[in-house]
Amino acid sequence: MLLYRGAPAAPGTPRGGLARAGSVPQAFRIRLSTISPRYLQSNSCSHTRPFSAIAELLDNAVDPDVCARTVFIDVEEVKNKPCLTFTDDGCGMTAHKLYRMLSFGFTDKVIKKSQCPIGVFGNGFKSGSMRLGKDVLVFTKNGSTLAVGLLSQTYLECIQAQAVIVPIVPFSQQNKKMIVTEDSLPSLEAILNYSIFNDERDLMSQFDAIPGKKGTRVLIWNIRRYSTKRALNSQKQMEYDKVLFNIIF
Ligand SMILES: Nc1ncnc2c1ncn2[C@@H]1O[C@H](COP(=O)(O)OP(=O)(O)O)[C@@H](O)[C@H]1O
Ligand SMILES: [Mg+2]
């Protein structure tokens with residue numbers, strides 16, 4: 001469940017939520033709204049074409065709070081699966097920020113030196129990535145921590161989740177050891193069981209694909225090869241090999 005990461009908690013007893021410990025008014029004891037896994041797909045339908053979805057991920061990297069100078073967009077074969085990757089050299093994220101990124105409606109963006117942020121609704125990453133593929137891993141490093149997070153329709157279907165669950169695992173950037181939190185171990189298990197990486201060493205090697213000490217890599221697989229119309233009964237194919245390399249950024 002998105003707001004109760006880890007083991008299910010009773011309604012109205014928030015733990016491990018988006019707010020930091022102690023800041024949730026526990027006294028309310030009223031249940032939180034949750035997000036159905038099906039919403040991931042329906043929310044992505046706002047992108048009738050893949051280009052606007054690609055733009056969401058690109059905008060995130062160049063937004064003033066991230067300030068990437070370079071963004072690589074590639075189609076790569078990873079673990080024998082065609083993947084779409086976005087790798088930037090921006091400021092990266094803490095595990096908590098990554099949690100907010102994989103949640104809905106949270107954005108910390110502010111106007112810096114008259115530079116206006118592009119994304120402001122806290123939804124672009126979710127709608128864009130889920131338009132491009134069914135499953136996504138986000139690898140990020142910010143100079144002191146590494147974190148990986150999974151947003152995956154396949155995973156949620158397999159475990160018959162009733163609400164969106166986002167496994168997130170933080171590691172020390174210095175020694176690459178897992179930082180133990182209340183849900184880091186089950187999150188790592190979920191990622192190794194349900195993503196394309198079933199070996200921790202292979203998973204960790206993705207951090208090396210981010211050049212430098214800071215940056216973020218978004219890896220999307222089970223790429224959606226049909227248009228939103230096809231979801232509404234059209235046959236149009238997504239031809240990444242033809243269209244992607246015709247884009248000049
Ligand atoms: N490539 C990235 N590098 C660092 N932080 C990112 C990146 N992409 C997204 N984020 C963080 O995740 C948050 C949520 O992203 P998104 O869902 O696109 O919403 P929005 O862009 O409207 O804030 C952003 O506000 C930003 O803080
Ligand atoms: Mg955005």
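Counting starts at 1 for both ligands and their atoms, in listed order.
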- [ ] Run the numbers for me: atoms of ligand 1, each under 4.0 Å from some heavy atom of G122, listed by number.
- [x] 17 (O), 19 (O), 20 (P), 22 (O), 23 (O)
- [ ] For D65, take its heavy atoms, then give the atoms of ligand 1 lying under 4.0 Å from any of them.
- [x] 26 (C), 27 (O)
Task: Winner among K126, M93, K214, R100 once heavy atoms are compared against atom 6 (C) of ligand 1 - done: M93
Task: Proximity winner for atom 15 (O) of ligand 1, if only heavy atoms of D89, N123, N60 are counted - done: N60
Open item on the list: If you count heavy atoms of other groups shown closer than 6.0 angstrom to CD of Q162, is the number above 12?
Closed with: no
Task: CG-CG distance between N198 and N193, expressed to the nearest 0.5 angstrom - done: 8.5 Å
- [ ] Between T87, L98, D88, V71, flag the one that comes closest to atom 1 (N) of ligand 1 by a heavy atom.
- [x] D88
Open item on the list: Quick test of your reading of the model: are R131 and E56 salt-bridged, counting only N-O distances below 4.0 Å?
Closed with: no
Open item on the list: More than 12 heavy atoms of other residues, nucleotides or ligands under 6.0 Å from CD of E77: yes or no?
Closed with: yes
Open item on the list: Does the plane of the ring in F197 sit parallel, tilted or perpendicular to the ring in F139? Use 30° and 60° as the thresholds.
Closed with: perpendicular
Open item on the list: Suppose I only count heavy atoms of F125 and a 4.0 Å limit; which atoms of ligand 1 are within that range?
Closed with: 16 (P), 17 (O), 18 (O)
Task: Contacting atoms of ligand 1, where contact means under 4.0 angstrom from a heavy atom of V66 - done: 3 (N), 4 (C), 5 (N), 6 (C)
TODO: Report yes if some N/O of F121 lies less than 3.5 Å from some N/O of ligand 1; otherwise report no.
DONE: yes
Open item on the list: Can you check which of E56, M101, R217 brings a heavy atom nearest to atom 13 (C) of ligand 1?
Closed with: M101
- [ ] To the nearest 0.5 angstrom, please state how far the NE2 atom of H47 sits from the CD1 atom of I54.
- [x] 10.5 Å
TODO: State whether N123 contributes an N/O/S atom found under 2.8 Å from the Mg ion (ligand 2).
DONE: no
Task: Q174 side, atom CD; T145 side, atom OG1 - distance, nearest 0.5 Å - done: 12.0 Å
